[in-house]
Amino acid sequence: MKLQYFIDRPILSMVISVVILVAGLIGLYALSVEQYPDIAPPTIRVSTTYSGANAEAVQKSVIVPLEEAINGVENMTYMTSTASNTGSAEITVYFKQGSDPDMAAVNVQNKVSTATSLLPAEVTKVGVTTMKRQSSMLKIFGLYSPNGTYDEAFLTNYLSINIKPQIQRISGVGEVNVMGGDYAMRIWLKPDVMAQYELEPSDVEAALSSQNIEASTGAIGEDSKNVYQYTLKYRGRLEKE
């Protein structure tokens, strides 16, 4: 059918155009169209920290047992792992397209729990985190003090307390990573003084752990016939140098 046929019959052309328009409107509401289709496969991240260990020690004592336990989890395709000289370990498990990420996280967590007894005591004390997340970043924000009134430690602490929890409550947000120095008390050891007292870093760490604790101290006179009962208090965690 030639184009001249429609030019000579404008009414027929308009009727066909209206029919196509109506069919398109019906299909717009009847057909299932997904605005944001799932393109990236579901991923589960397993992370932990082995304080004081180098990348090779983290690889052998942390990542290898976890990988052996996670390997073969349902609907898994492959996984990647990274270890750093700061003691951090991270395993990313990729699943088939269309897999339920919540169920995948549960299955990975069950596999990780079977390897907990094979991990070093320092790692089990910190814990192994399993969460669903994509490997790419969605957005990066910058928090700064225009006049230099506040330093990096204050801004990082303010961000972690006030801004980070609100972003985590947004639907679809998997994780919020604060790129800055954590607000904490850091201790540098003097090797020459430690050598004089024949001490190791683990001895200092054990002394700090025994003093920097929060525990229930109970009360005096609780099970007696005394009129007064006194609740015991102590310093708790270290706050000053």
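Remember, it's a predicted structure, so these values are computed and weren't measured experimentally.
Residue Ile161 places its CD1 atom among more than 12 non-hydrogen atoms of other residues, nucleotides or ligands, all under 6.0 Å distant. Taking a 6.0 Å sphere around CE of Met194, one finds it holds more than 12 heavy atoms contributed by other residues, nucleotides or ligands. Shown here is Glu74, whose CD atom has no more than 12 heavy atoms of other residues, nucleotides or ligands within 6.0 Å.
Distance alone, capped at 3.5 Å, places no donor-acceptor pair between the Asn71 side chain and the Glu67 backbone. In this structure, Asp100 contributes its side chain and Asp102 its backbone to a donor-acceptor pair below 3.5 Å. Put simply, the side chain of Asn157 never gets that close to the backbone of Ala153: no donor and acceptor are under 3.5 Å apart. Side chain of Thr116 to backbone of Ser113: a donor-acceptor contact under 3.5 angstrom is found. Checking side-chain atoms of Asn162 against main-chain N and O of Tyr158 turns up a donor-acceptor pair under 3.5 Å. For the pair Thr149 (side chain) and Ser145 (backbone), a donor-acceptor distance under 3.5 Å is absent. Listed for the Thr48 side chain is a donor-acceptor partner under 3.5 Å among the backbone atoms of Gly127. Checking side-chain atoms of Asn85 against main-chain N and O of Ala55 turns up a donor-acceptor pair under 3.5 Å.
No continuous path of hydrophobic side-chain contacts links Val126 to Val64 [ILVMFWY only; heavy atoms under 4.5 Å]. Cluster annotation: Val22 is not connected to Met14 through the hydrophobic network of ILVMFWY side chains, with a link wherever side-chain heavy atoms come within less than 4.5 Å. Transitive grouping of hydrophobic side chains (ILVMFWY, heavy atoms separated by less than 4.5 Å) brings Ile163 and Ile170 into a common cluster. Each of Tyr29 and Val18 belongs to its own hydrophobic cluster when Ile, Leu, Val, Met, Phe, Trp and Tyr are linked at side-chain heavy-atom distances under 4.5 angstrom. Grouping the Ile, Leu, Val, Met, Phe, Trp and Tyr side chains by contacts below 4.5 angstrom, directly or via other members, places Phe141 apart from Tyr144.
Cluster note: Val62 groups with Ile44, Val46, Tyr50, Val58, Ile63, Leu66, Ile70, Val73, Met76, Met79, Ile91, Val93, Phe95, Val108, Val112, Leu119, Val123, Val128 through ILVMFWY side-chain heavy atoms spaced under 4.5 Å, whether in direct contact or through intervening members. In this structure, Met131 stands alone, with no Ile, Leu, Val, Met, Phe, Trp or Tyr side-chain heavy atom under 4.5 Å from its own, directly or through other members.
For residues 13-23, no pair satisfies salt bridge (Lys or Arg N to Asp or Glu O under 4.0 Å), with sequence neighbours left out. The list of ring pair (Phe, Tyr, Trp, His ring centres under 6.0 Å) pairs with a residue in residues 65-84, not counting sequence neighbours, reads Tyr78-Tyr94.
Scanning all heavy atoms of the two residues, the minimum distance from Lys60 to Pro65 falls at O-CD, 3.6 Å. Of all the heavy atoms in Ser84 and Ser88, the pair that sits closest is OG-OG, 2.5 Å.
The side-chain hydrogen bond (donor to acceptor under 3.5 Å, both in side chains) search around Ser99 returns none, not counting sequence neighbours. Not counting sequence neighbours, the partners of Glu90 by the salt bridge (charged side-chain N to carboxylate O under 4.0 Å, His left out) test are Arg45.
The shortest side-chain heavy-atom distance between Glu122 and Ser51 does not fall under the 4.5 Å cut-off.
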